[in-house]
Amino acid sequence: MDRIGNEFKFLQTAVGLRQQRMELLSTNIANADTPNYKARDFSFKEVLAQANGVQKGLGDTQLTLTSARHIPAAATGPLQFSPQYRLPTQNSLDGNTVEMDVERVAFADNTMQYQTTLTLLDGKIKSMLSALQPN
């Protein structure tokens with residue numbers, strides 16, 4: 001079962017991060033006219049690397065077994081990252097750093113990447129289902 005879980009871990013993490021980024025970009029777009037609102041974003045590549053253990057994060061938890069009949073269990077620490085403020089190319093008079101063109105392009109790109117990741121996940125599930133079907 002661990003092998004099946006490992007197959008899906010990367011794509012599950014990628015979909016979750018894409019969804020979080022989509023929410024963040026939506027918030028930026030929604031606050032485009034809010035005075036002194038600071039646009040935020042995060043580097044998908046860096047956060048995904050952190051989530052997959054390339055960079056150090058919180059430690060994982062292992063349960064101590066006190067009986068041979070106990071089921072071994074482990075938990076991964078939660079992903080910790082904070083979005084960074086985006087530097088505007090052109091400052092606005094009201095202090096708002098949302099640039100609609102930048103936000104729209106980032107949102108469209110993230111949406112496309114999100115759909116691509118879901119397509120890959122769907123393909124993995126279909127290939128596993130076909131392997132389980134009798135001939």
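Throughout, numbering of the chain's residues begins at 1 and tracks the sequence. Heavy atoms only: backbone and side chains are in, while hydrogens, waters and symmetry mates are out.
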Value rounded to 0.5 Å, distance of OG in Ser127 from CG in Asp122: 9.5 Å
Phe42 reachable from Leu25 in the ILVMFWY side-chain graph, under 4.5 Å edges: no
Single-linkage hydrophobic cluster, 4.5 Å side-chain cutoff, Leu24 and Val98 together: no
For the student: nearest non-hydrogen atoms of Lys38 and Gly95, plus distance: NZ-O, 2.7 Å
ILVMFWY network linking Val47 to Val15, side-chain heavy atoms under 4.5 angstrom: no
Distance (rounded to the nearest 0.5 Å) between Phe107 CZ and Asn110 CG: 7.5 Å
Rounded distance [0.5 Å steps], NZ in Lys45 versus CG in Leu17: 15.0 Å
Gap between atom CG of Leu48 and atom CZ of Arg18 - 0.5 Å precision: 8.5 Å
Donor-acceptor pair between Tyr37 and Asn28 side chains, under 3.5 angstrom: yes
Residue Asp33 excluded, over 12 heavy atoms near CG under 6.0 Å: no
Minimum side-chain heavy-atom gap Met112-Asp109 below 4.5 Å: yes
More than 12 heavy atoms from other groups under 6.0 Å of CD on Gln133: yes
Donor-acceptor pair, side chain of Thr97 and main chain of Pro88, under 3.5 angstrom: no
Main-chain N/O of Ser82 paired with Gln84 side-chain donor or acceptor, under 3.5 Å: yes
Residues Arg86, Glu103: salt bridge by 4.0 Å N-O rule: yes
Straight-line distance of Leu11 CG to Lys124 NZ, nearest 0.5 Å: 6.5 Å
Distance-only side-chain donor-acceptor flag, Glu23 / Gln19, under 3.5 Å: yes
Inter-residue atom distance Leu120.CG - Gln115.CD, 0.5 Å rounding: 11.5 Å
Hydrophobic cluster identity match, Leu118 and Phe8, side-chain contacts under 4.5 Å: no
Verify same cluster id: Ile29, Tyr114 (apolar side-chain graph, 4.5 Å): yes
Donor-acceptor under 3.5 Å (Asn96 side chain, Asn31 main chain): yes
